[in-house]
*Asks:* 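I'd like to ask you about the structure that follows.
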Amino acid sequence: MTTPALELRGIGKSFGKTRVLEGVELAAAQGEFVALVGPSGCGKSTLLRIAAGLETPDEGSVHLADTDVTAMRAADRDVAMVFQSYALYPHLTARQNMALPLFMRRLSTAERLPLAGLLPGVRARMAAIGAEVATAAEVLRITPLLDRKPAQMSGGQRQRVALGRALVRHPRAFLMDEPLSNLDAALRVHMRGEIVELHRRAGVVTLYVTHDQEEALGMADRIAVMLGGRILQCDAPGVVYRDPAHIDVASFIGSPRINILEAIAGGGLARVGGIALAELPGVADGVAVRLGIRPEDLRLHDHAGAGRLAAQVVRREYLGAEVHAHLRLAVDGTALVARLSPAANEALGAGALFVSADPAHILTFNAEGHRLRLPVHRPEPALVR
Amino acid sequence: MRALRLAVLSAGALLVLFPFVFMISTSLKPQSEVFSAGLQLVPANWAALENYTKAFTRIPMLRVLGNGVLVCGLIVVFQIVFALPAAYAMAKLRFRGREALFALVLLGLLVPIHAISIPLYAAARWSGLLNTLAVLIVPFTLSVFAIFLFRQYVKAIPDDLILAARSDGLSEGAIVWRLLLPNAWPAASAFAVFSVVAHWNDLYWPLIAISKTHLATPPLGLLFFRSAEVGDDYGALMAATVVITAPLVLFFLFAQRLFIDGMTMTGLKG
């Protein structure tokens, strides 16, 4: 296997008595787009800052290609960071904002003095920087903004300039900390596509922190789901969604949230209120388990049958292309959400109904939340703790 | 309402301006008119040329003004050069003893120059700096007030901006001079106004440390002027006073905009 472009090994970090990161392992290949996703306070931003060199880990090491950069200053790591707040220098124009990282890297302290620009060698390098800034500005279509200061730009424009400041350096890695969270919804969706496009064009490893699972699903090659300072699973979006390793991953990814049913093992089957829903071989009778069923996997029926649970419709949410039916299970009052097509919703009666699910689409978890896998399932994906 | 406000403000302005008007008026009068009974602002006989000639010739007035400019200028430059990095460290860097250090800064705000003038004098004498311009500058290069003021300002600068600067390759020094100084400019110029006014007008420390006329700052020069030459020639004395006050007034008029900006400064918007 080739060396990963960016690798975090055994990262641990505490702030005072609070443990924010615990044994985090993450490796990303050259050109890969990895989203770090999790609720606020899960440690994802801290992890990103450790990768950038803006925080020092208590344990573990950070590697860029085959160099251990754990002890290296952020300034020397040659990674570019993009912030939620854009973090543009308010006293500089867009052009100067984008040129500053190049000036700092390519000119010595003496050459950055005001009059040094008169020296021919320095002047040539400054002209080269100017040309690179102009090229990056063209890619981002911000050429008309180059002489404006951040205060004279909209949020979206500022974020483009911030991306330009990262792009112009040709860094070894892009580290993005919720870069779209301050933008309005429409612009956010649009910018997703642009960032993916920029990433593809640059071909550089990208770590992208977000709390928005939709953003992660839509943009990333792989998603690392973080909770409580650990990475619970790191896989392709489809795998994380269809085949979550932990009940917390299943709950965090997907909107509306996955339905969780409390079940009891009995005779090799998981039973809810006595009704068998899924196979559960090798689990002793009487053990509590939990079942996860995605809203689109719930089937609704107007009459009873094998493997069907009685339920009441609480309310329906009409969303145009789909309808969310909010249900309550008769047996224990569990709230469920079913995703229906408008046609299926029309066909549905108003009164009592029954729900079922294809056993192949039911995810089983033990009481601690770990996935229980049936022997027939595909081999366990390589889990990153 | 508006008229009342205007009237109150005008009365206040008159009260404050009157001594200045009186000073200018006296500087234009001959000795005989200064003590005449009655309030006569415009002199009957003009002695302006005579009085102002005395002010410029009896002591090396231009030299004294030059000393004032040099001393105040260097003080304010050094104060900013020393205080801004200290303020940055206390506002944004995490290190052991930061809070204790800041407590010392606050404590420093409470100690007046008069309390430490004897140790300062002893130190100046020991180092041979008495009767040099350096002795007028060195004790004031470190301003705890500046550290305090800049710290408040730097604290308002978002952390992300500093993190972005670090990952863009700026050293800590470059962060202070390339990022903080331009953004703390309103605070720096407000502080500069305070500092220049205070040190231009300072008589206490120059009186202790300087005994040579050619090294005097403007207020001390005025003192030399009075005691050495003119005695109770109040016309000439007021002329000299006008001469040393004028640069400060001009400086204020020039920096007024900055001064008000600095006083009403709000947080930085990214």
Side-chain angles (χ1 to χ4, degrees), chain A residues 15-16 45 48-49 51-56 72-92 96-107 109 112-113 149-153 155 158-159 161-162 165-166 168-169 171 173-179 182, chain B residues 77 80-81 84-85 87-89 91-99 150 152-192 257-258 261-262 264-270:
Chain A
F15 288 122
S45 287
L48 195 73
R49 285 176 186 191
L54 300 170
E55 293 276 2
T56 328
M72 200 184 272
R73 294 186 312 153
D76 301 328
R77 285 196 191 184
D78 199 16
V79 298
M81 187 104 178
V82 179
F83 295 84
Q84 179 179 354
S85 62
Y86 323 127
L88 294 177
Y89 309 119
H91 62 295
L92 300 179
Q96 292 166 325
N97 262 286
M98 288 167 70
L100 187 63
L102 297 180
F103 273 115
M104 298 312 290
R105 266 155 224 281
R106 300 205 190 146
L107 303 178
T109 311
R112 287 196 300 265
L113 291 174
K149 290 197 174 173
Q152 299 163 302
M153 292 182 229
R158 285 182 209 175
Q159 194 53 282
V161 174
R165 187 173 65 180
V168 76
R169 275 163 57 184
F174 284 122
L175 305 173
M176 306 198 185
D177 193 356
E178 309 222 6
N182 280 6
Chain B
V77 166
I80 291 172
V81 165
L84 196 56
Y88 169 55
K92 293 291 185 189
L93 304 182
R94 281 178 302 200
F95 57 92
R96 193 183 294 273
R98 182 175 83 160
E99 299 311 313
F150 292 157
Q152 300 311 102
Y153 206 84
V154 173
K155 257 186 126 58
I157 289 177
D159 285 347
D160 279 359
L161 211 54
I162 287 161
L163 297 180
R166 281 191 198 138
S167 76
D168 276 347
L170 273 72
S171 63
E172 298 301 296
I175 287 175
V176 171
W177 304 121
R178 287 185 159 262
L179 181 59
L180 299 186
L181 184 61
N183 286 304
W185 197 243
S189 45
F191 170 74
R257 190 73 246 159
L258 296 175
D261 284 351
T264 56
M265 63 200 168
T266 48
L268 192 69
K269 303 240 167 21

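Proteins come first, then strands; the chains are lettered A, B, ... in the order of their sequence lines, and each starts at number 1.
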*Asks:* In terms of heavy-atom proximity below 4.5 Å to chain B, should A/Arg77 be classed as side chain, backbone, both, or neither?
*Replies:* neither

*Asks:* Given 3.5 Å as the limit, does a donor-acceptor pair link the side chain of A/His91 with the main chain of B/Ala184, or not?
*Replies:* no

*Asks:* Just to verify, what does B/Ser171 make a side chain to side chain contact (heavy atoms under 4.5 Å, CB included) with, not counting sequence neighbours?
*Replies:* A/Arg73, B/Ala174

*Asks:* Any heavy-atom pair between the side chains of B/Asp168 and A/Leu100 that's under 4.5 Å?
*Replies:* no

*Asks:* Mind checking side-chain hydrogen bond (donor to acceptor under 3.5 Å, both in side chains) for A/Arg112 and listing every partner two or more places apart, or none if nothing turns up?
*Replies:* none

*Asks:* Quick one, B/Leu161 and A/Pro90 - any side-chain contact, counting heavy atoms below 4.5 Å?
*Replies:* yes

*Asks:* Please name all residues satisfying side chain to side chain contact (heavy atoms under 4.5 Å, CB included) with A/Ala166, sequence neighbours left out, ordered by chain then number.
*Replies:* A/Ala80, A/Val82, A/Phe174

*Asks:* So, for B/Asp160 and A/Ala87, which heavy atoms are closest and what is the spacing to 0.1 Å?
*Replies:* O-CB, 3.6 Å

*Asks:* Using non-hydrogen atoms only, which part of A/Glu55 is less than 4.5 Å away from chain B: side chain, backbone, both, or neither?
*Replies:* side chain

*Asks:* Taking all non-hydrogen atoms of both residues, which atom of B/Ser167 and which atom of A/Arg169 are closest, and how far apart?
*Replies:* O-NH1, 3.0 Å

*Asks:* Between A/Met81 and B/Leu163, is there a side-chain heavy-atom distance shorter than 4.5 Å?
*Replies:* no

*Asks:* Strictly less than 4.5 Å between heavy atoms, which residues of residues 91-99 of chain B line up against chain A? Please order them by number.
*Replies:* B/Arg94

*Asks:* So which heavy atom on B/Leu179 is nearest to which on A/Tyr89, and how close?
*Replies:* CD1-CD2, 3.4 Å

